[in-house]
Amino acid sequence: ETGVTQTPRHLVMGMTNKKSLKCEQHLGHNAMYWYKQSAKKPLELMFVYSLEERVENNSVPSRFSPECPNSSHLFLHLHTLQPEDSALYLCASSQDSVSYEQYFGPGTRLTVT
Amino acid sequence: KQEVTQIPAALSVPEGENLVLNCSFTDSAIYNLQWFRQDPGKGLTSLLLIQSSQREQTSGRLNASLDKSSGRSTLYIAASQPGDSATYLCAVEGETSGSRLTFGEGTQLTVNP
């Protein structure tokens, strides 16, 4: 069991729905990340937060909206998604945002219908 | 732009065999290289982190080496077991990419009893 938890583990949503993914880290880390893993593609970094400030937005469409209320929690708010957004969404954390080992959560398997 | 390539894409070996997974990257200006394991539909488990100043790291039956100048890393697994079956991912953190990890597509390993 890792120190990074994600809920829900599975989510099916329609294109007009609004949902949120939640990530919580129990490691005392200062940086948190959202990644997207699509079938047969490498993991893609979406967002990076360091000390609750967004430090990187990797050209992600605005239908994905991250929120980091404190250094232990990270959310990804979803609205009007497309079927191609179906993927495994992984959260990670690290001690700091540069040159530290990243620890991953189990992921949320998202299906957009 | 950093590119990470992993060879082979898939590998099937009998139990007990020693094996080597390969990772190459195009930009040698890196902070570190990290090897991960991913079980089907699950998150990533960090196996080994090699800082750019290091040549290798060992953990149990795993040994990872790094040749930064040539842009190569290998993950050596000794005395493989069926429980080692998973996808192994290599990722590098570039000096110019901030906190971004660039991932390879992975090597899918099957160890047959």
Query raised in the report: When heavy-atom pairs shorter than 4.5 Å are enumerated against chain B, which of Cys91(A), Ala31(A), Pro42(A), Ser94(A) gives the highest number?
Result: Pro42(A)
Query raised in the report: Taking the side chain as C-beta and beyond, is there a heavy-atom pair between Tyr35(A) and Phe104(A) under 4.5 Å?
Result: yes
Report summary line: Taken to the nearest 0.5 Å, the spacing of Lys22(A) NZ from Leu74(A) CG works out to 11.5 Å
Query raised in the report: Checking heavy atoms, do the side chain of Gln6(B), its backbone, both or neither come under 4.5 Å from chain A?
Result: neither
Query raised in the report: Is it the side chain or the backbone of Gln37(A) that comes within 4.5 Å of chain B heavy atoms, both, or neither?
Result: side chain
Query raised in the report: Does CD belonging to Gln95(A) count more than 12 external heavy atoms closer than 6.0 Å?
Result: yes
Query raised in the report: What part of Leu43(A) gets closer than 4.5 Å to chain B, counting heavy atoms only: side chain, backbone, both or neither?
Result: both
Query raised in the report: Does the side chain of Val92(B) reach to within under 4.5 Å of the side chain of Leu101(B), using non-hydrogen atoms?
Result: no
Query - Verdict with reasoning, Ser65(A) to His77(A), per side-chain hydrogen bond (donor to acceptor under 3.5 Å, both in side chains) - result: CA-CA 5 Å; Ser65(A) 175; His77(A) 303 298; 5.8 Å; no
Requested in this report: Below 4.5 Å from any heavy atom of chain A, which atoms of Ile30(B) appear? Answer side chain, backbone, both or neither.
Outcome: neither
